[in-house]
Amino acid sequence: MPKETVPEPLRPAHFAGDPVEVARRLLGGKLVRVTPEGERLSGRLVELEAYDCPRDPACTAGRFHAARSADMAVAPGRWLFWTAHGHPLLQVSCREEGVAASVLIRAIEPLEGVGRMLDYRPVTRERDLTNGPAKLVYALGLNPAQIAGTPVDRPDLFLLPPGAPLPDAEVEVTARIGIKEGRNLPWRFTVRGNPWVSPAAPSMELMP
DNA sequence: ACAGTGATGTGCT
DNA sequence: GCACATCACTGTA
């Protein structure tokens, strides 16, 4: 019997390229968080978006958010938190140092430690636990101040690639959510038909 | 100093 | 489906 291969946590170098391609490859993978008590919380990556500031009208960091742009322009493969409406959104920096680009984790399907997640973020309907970019940050109990800027292969917070690349048929490619500019860019990747993707999807279709 | 905007979440009708 | 809380940041003064 061949030993079952346990996927290795993704290293920072994995994120050195185009965030659109990185997001596509990452879909179907896993986000894992280990609490200080040693409990493992995890979820399947079912909704990701790419932000590529130099050529991206939706990326405000590239246009005027100088400070935030600098935050995002760190070396590849670092955890980042974009702030929107007062909420922290989890991202991974992409491309080389000096260029602001990232992958945004918008939703996960809870796998391990659901009870603990409900402690961190009580909800009436379990469906609402992690189906939004800030929701999953709260549900995993992440502390942005402690994590921002650190490499993605932390012992207590890391990413696993999908066992096998997700076939195109299972991937839905649409416009990104919650933006006005750049609606024509197909940079949002979701697992087709997965019930855990964010409900706040005004248009599932590309707007010209 | 102040009004407006946005990569959101929550609660209520 | 709709209003509102919320806050970093921008444009204007």
Side-chain angles (χ1 to χ4, degrees), chain A residues 15 18-24 26-27 31 43 45-74 76 78-95 99-110 117-145 147-149 152 159 172-191 195-207:
Chain A
F15 299 86
D18 184 340
V20 178
E21 294 174 16
V22 172
R24 170 64 181 84
L26 201 54
L27 194 69
L31 173 63
L45 301 166
V46 295
E47 180 175 358
L48 302 170
E49 285 182 0
Y51 285 84
D52 198 18
C53 296
R55 57 173 175 148
D56 187 356
C59 186
T60 46
R63 276 179 295 162
F64 36 71
H65 290 75
R68 299 167 110 182
S69 181
D71 286 346
M72 197 187 291
V74 294
R78 311 287 161 145
W79 293 115
L80 300 176
F81 291 88
W82 182 264
T83 304
H85 299 266
H87 299 286
L89 317 184
L90 182 62
Q91 306 182 314
V92 183
S93 63
C94 294
R95 294 199 183 278
V99 180
S102 68
V103 169
L104 166 66
I105 302 178
R106 280 198 59 93
I108 62 174
E109 173 185 347
M117 293 188 209
L118 286 165
D119 288 342
Y120 282 126
R121 183 170 183 279
V123 289
T124 48
R125 297 183 314 164
E126 206 167 291
R127 300 197 43 139
D128 297 328
L129 186 55
T130 56
N131 60 352
K135 294 176 183 177
L136 67 92
V137 171
Y138 297 137
L140 293 175
L142 304 184
N143 179 355
I147 296 167
V152 287
L159 292 163
E172 188 154 28
V173 185
T174 64
R176 290 166 293 177
I177 300 298
I179 57 165
K180 292 180 91 161
E181 308 283 326
R183 296 274 285 275
N184 57 322
L185 298 170
W187 289 358
R188 173 173 175 259
F189 301 90
T190 54
V191 175
W196 296 93
V197 302
S198 70
S203 72
M204 290 292 289
E205 304 177 15
L206 291 173
M207 303 287 290

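The structure presented is a predicted model; accordingly, all values stated were derived computationally and were not measured. Worth knowing before you read on, the calculation uses all heavy atoms, side chains too, and leaves out hydrogens, waters and symmetry mates. Below, chains carry the letters A, B, ... as their sequence lines are ordered, and counting in each starts from 1.
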Visitor: Could you tell me how far apart Arg106(A) (CZ) and dG6(B) (C1') are, to the nearest whole angstrom?
Guide: 13 Å
Visitor: Can you check whether Phe15(A) reaches Val152(A) side chain to side chain, under 4.5 Å on heavy atoms?
Guide: yes
Visitor: Nearest whole angstrom, please: distance from the P of dT8(B) to the CG of Asn131(A).
Guide: 13 Å
Visitor: Return the value, rounded to whole Å, for the distance between atom CD of Glu181(A) and atom C1' of dG6(B).
Guide: 12 Å
Visitor: Output the rounded distance in Å from OH (Tyr120(A)) to C1' (dG9(B)).
Guide: 20 Å
Visitor: Would you call Thr190(A) and Val46(A) a side-chain contact if the rule is heavy atoms closer than 4.5 Å?
Guide: no
Visitor: Looking only at atom types and distance, does a side-chain atom of Asn131(A) sit under 3.5 Å from a main-chain N or O of Arg127(A), one as donor and one as acceptor?
Guide: yes
Visitor: Applying salt bridge (Lys or Arg N to Asp or Glu O under 4.0 Å) between Asp56(A) and each of Arg95(A), Arg176(A), Arg183(A), report the one that passes.
Guide: Arg176(A)
Visitor: Are there runs of at least three consecutive Watson-Crick or G-U pairs touching DNA chain B, with each pair's two distances under 3.5 angstrom? Give them by first number.
Guide: B:1-6 with C:7-12, B:8-12 with C:1-5
Visitor: Tell me the interatomic distance from Phe81(A), atom CZ, to dT8(B), atom P, rounded to whole angstroms.
Guide: 16 Å
Visitor: Do you know which two heavy atoms are closest between Gly86(A) and Tyr138(A), and how far apart they sit?
Guide: O-OH, 4.4 Å
Visitor: If only atom types and distance count, is the side chain of Ser69(A) paired as donor or acceptor with the main-chain N or O of Ala61(A) below 3.5 Å?
Guide: yes
Visitor: dT5(B) C1' sits how many Å from Trp82(A) CH2, rounded?
Guide: 12 Å
Visitor: Give a yes or no answer on whether the side chain of Glu49(A) reaches the backbone of Ile177(A) with a donor-acceptor pair at less than 3.5 Å.
Guide: yes
Visitor: Hey, does His65(A) reach any base, or is it just sugar-phosphate, or nothing, if we go heavy atoms under 4.0 Å?
Guide: sugar-phosphate
Visitor: Taking CZ from Arg121(A) and C1' from dG9(B), how many angstroms apart are they, rounded to a whole number?
Guide: 7 Å
Visitor: Closer to the 5' end of DNA chain B via nearest nucleotide, is it Tyr51(A) or Asp128(A)?
Guide: Tyr51(A)
Visitor: Expressed as a whole number of angstroms, how long is the span from His85(A):NE2 to dT10(B):P?
Guide: 14 Å
Visitor: State which of dT8(B), dG6(B), dT10(B) makes the closest approach to the side chain of Lys180(A).
Guide: dG6(B)
Visitor: Using the side-chain contact (heavy atoms from CB on, under 4.5 Å) rule, take Leu89(A) and Val137(A) through it: C-alpha gap first, then chi angles, then the decisive distance, then the call.
Guide: CA-CA 7 Å; Leu89(A) 317 184; Val137(A) 171; 5.9 Å; no
Visitor: With the threshold set at 4.0 Å, does a side-chain nitrogen-carboxylate oxygen contact exist between Asp18(A) and Arg24(A)?
Guide: no
Visitor: Chain A on DNA chain C: first and last contacting nucleotide, 5' to 3', under 4.0 Å to a heavy atom?
Guide: dT6(C) to dT10(C)
Visitor: Select base, sugar-phosphate, or nothing to describe what Ile179(A) touches, counting heavy atoms under 4.0 Å on all strands.
Guide: sugar-phosphate
